Amino acid sequence: MSAAAAAACGISLLGSDDCEVVQRVLCVLDGEPCLVHPSPSACVARECAAALERVLVRDPDNLPAVFVLRTLAQISPSFCKPRAIYFARPRMQKFCARVLRTGHPSVAAGTALAERLANRAEVELHKHSLHFVAVWAEWVQQDSATAVRLLRVLSDAGFLPAMHNLGVAYFKGTGVAQDRAAALELFQRAAGDVDAGGGLHVGALFCVAVSLSRFEHHNKRGKALYQAAADAGHPAAMYNLARAYRCGDGVEEDHVRAVALFKLCAETGDPDAMISLGFCYEAGIGSERDAARAAAMYKRAADECSDSNALRCLGVCYANGNGVPKDENRAATLFRRASDAGDARAAAMLATCLENGAGVAVDKHAAAALYWHGVEGGDPCAMFNAACRLVVGQQPWPRDVRLAAALLKRAADCGSREARMAVDHILEFPP
């Protein structure tokens, strides 16, 4: 924050370490010592988002900064860079799991911060801090009951991100008995605020759109709100609406319109939109087939965002010479980078490279370990490949037809056509 802005607001977003910066941001968003707003003003939102982005430039895996930026993106997305909108989507779960698995130092710091903030009882003055505690309890400490208790208090106080998250908890039955009617009531309360013109930001509009789209009989209403949020420039709304037009989900299928929305969203720097646009170019959906443009979009998402999906897609392009010169070495390198970032499918592709010596030295034991990494990550391609090797007992794999059949069934349940075709055939083999 500039000296002039700090003097005007009477706050400082500097800290001795990154966790202290996050705490100061929460303090500012809560309205202390001089700001009391149901949602942050434009100046405050912009400066808080910038402070959190600086933390993430230094430490991309700082979980407390991500959680606060994610909430800020829900209510004031125009002041947050695309990374914040990106974290607001379901891929957040994958990111969080990876950070927890690696034991990142910010996890312990975030837990200590949550414990310090948990005793703040003045809901009206500490909405953001208490919401952080609720999210931390749910995602990190696996304490859904505490999360629901705090979300309920915040929801009763009219804090929209909490209202949305509590509705999701009821919808899924997380930390509370599943109650779709209660979830719908929460979502409709938020939608009523939007209809009443309650001054909610476009980020709130997006939250309501996500919420109502979970219900089949309210899907069209949700898509209408997506359209309103997209028209107001919300990147994630553009992306979700583009996906709806591509698949005909709640709207009439329109591939050309989907591609136009993906383009608009990609221009904001959203990696998912870049990847989806690349896929449309590659498959000829809503546009002429153009492998070179597809590879260029994957490369942009990989270069600008280090996105694991983009790294994998670009690796496939190099492995097959699709839109770029064939280069097995580069393909293997890209698969390894994506695998290291937690992409289970990329791990299976790297395993194939190691097995066949494509761009790397042959290492069948490392390949087997990567296939199992992919299986544990839920990738149907890895399950299918592991099953095929277990059936024949290909070294270093033991022959285990029962396990192979179980893996094929899991892969088939995940949508693998090859696995569905192989299940019946594999079951004919004696155990």
Side-chain angles (χ1 to χ4, degrees), residues 77 82 85-86 88-94 164 167-168 171-172 180 183-184 187-188 190-191 194-195 202-203 205-268 270-291 293-294 297-298 301 307 309-310 312-313 316 345 378-381 411-421:
I85 309 297
Y86 171 67
R89 289 213 287 276
R91 196 177 294 179
M92 175 67 194
Q93 187 168 3
K94 178 179 174 181
H164 168 75
V168 172
F171 186 86
K172 294 181 176 180
R180 297 286 174 91
L184 180 58
F187 297 150
Q188 286 181 319
V194 171
D195 287 337
V202 61
L205 199 64
F206 173 70
C207 283
V208 176
V210 172
S211 302
L212 290 182
S213 293
R214 295 174 184 271
F215 295 87
E216 185 176 351
H217 54 295
H218 287 279
N219 201 354
K220 289 187 177 180
R221 166 83 171 120
K223 294 304 183 294
L225 291 174
Y226 272 135
Q227 184 67 66
D231 291 344
H234 194 290
M238 296 178 199
Y239 174 78
N240 284 9
L241 190 59
R243 289 184 61 187
Y245 278 117
R246 188 178 69 187
C247 305
D249 178 14
V251 292
E252 186 175 346
E253 191 173 287
D254 188 335
H255 291 168
V256 174
R257 193 166 184 180
V259 167
L261 283 165
F262 280 138
K263 282 181 181 178
L264 284 173
C265 189
E267 288 308 308
T268 70
D270 187 294
D272 285 345
M274 296 178 201
I275 295 166
S276 295
L277 184 57
F279 176 78
C280 289
Y281 288 148
E282 190 173 5
I285 296 174
S287 68
E288 295 293 326
R289 288 181 185 270
D290 192 330
R293 288 177 77 187
M297 292 308 303
Y298 298 146
D307 184 90
N309 281 357
R312 172 172 42 78
C313 290
V316 172
R345 184 160 298 182
D379 178 58
C381 178
D413 291 343
C414 291
S416 170
R417 235 180 305 179
E418 296 92 340
R420 272 199 300 270
M421 293 171 61

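Residue numbers run from 1 in the order of the sequence given. Computed from a predicted structure; not experimentally measured.
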From [X] atom [atom1] to [Y] atom [atom2], the distance as rounded to the nearest 0.5 Å:
{"X": "M274", "Y": "C265", "atom1": "CE", "atom2": "SG", "result": "8.5 Å"}
{"X": "S276", "Y": "N309", "atom1": "OG", "atom2": "CG", "result": "9.0 Å"}
{"X": "E288", "Y": "C280", "atom1": "CD", "atom2": "SG", "result": "13.5 Å"}
{"X": "L241", "Y": "L264", "atom1": "CG", "atom2": "CG", "result": "11.0 Å"}
{"X": "D249", "Y": "Y226", "atom1": "CG", "atom2": "OH", "result": "9.0 Å"}
{"X": "L277", "Y": "S287", "atom1": "CG", "atom2": "OG", "result": "7.5 Å"}

| Minimum heavy-atom separation for C414 to P380, with atom names? |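 Minimum heavy-atom contact is CB-CB, 3.9 Å.
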| For the residue pair A412 and R420, what are the closest heavy atoms and their distance? |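 That would be CB-CG, 3.5 Å.
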| Is the shortest heavy-atom distance from the side chain of Y298 to the side chain of E282 under 4.5 Å? |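 Side chain of Y298 against side chain of E282, heavy atoms only: contact under 4.5 Å found.
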| Partner residues of V168 under the side-chain contact (heavy atoms from CB on, under 4.5 Å) criterion, sequence neighbours left out |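 Testing V168 for side-chain contact (heavy atoms from CB on, under 4.5 Å), a comparison that skips the adjacent residues, returns H164, K172, F187, R214.
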| task | For A310, enumerate each residue passing the side-chain contact (heavy atoms from CB on, under 4.5 Å) test, keeping only those at least two apart in sequence or located in another chain. | result |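 If we apply the side-chain contact (heavy atoms from CB on, under 4.5 Å) test to A310, skipping adjacent residues, the hits are I275, A301, A302, D307.
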Tabulate below the donor-acceptor pairs under 3.5 Å that side-chain atoms of residues 254-263 make, not counting sequence neighbours, or state none.
unit_1: D254; atom_1: OD1; unit_2: V256; atom_2: N; d: 3.3
unit_1: D254; atom_1: OD1; unit_2: R257; atom_2: N; d: 3.0
unit_1: H255; atom_1: NE2; unit_2: R246; atom_2: O; d: 3.1
unit_1: H255; atom_1: NE2; unit_2: E253; atom_2: OE2; d: 3.3
unit_1: R257; atom_1: NH1; unit_2: Y245; atom_2: OH; d: 2.9
unit_1: R257; atom_1: NH2; unit_2: Q227; atom_2: OE1; d: 3.2

| request: State whether Y281 and R289 meet the cation-pi test: NZ (Lys) or CZ (Arg) under 6.0 Å from the six-membered ring centroid, and within 45° of the perpendicular axis. | output: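 No, a cation-pi geometry is absent between R289 and Y281.
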| request: Check for a donor-acceptor pair, side chain of R180 on one end and backbone N or O of F171 on the other, with a separation under 3.5 Å. | output: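 Yes: the side chain of R180 pairs with the backbone of F171.
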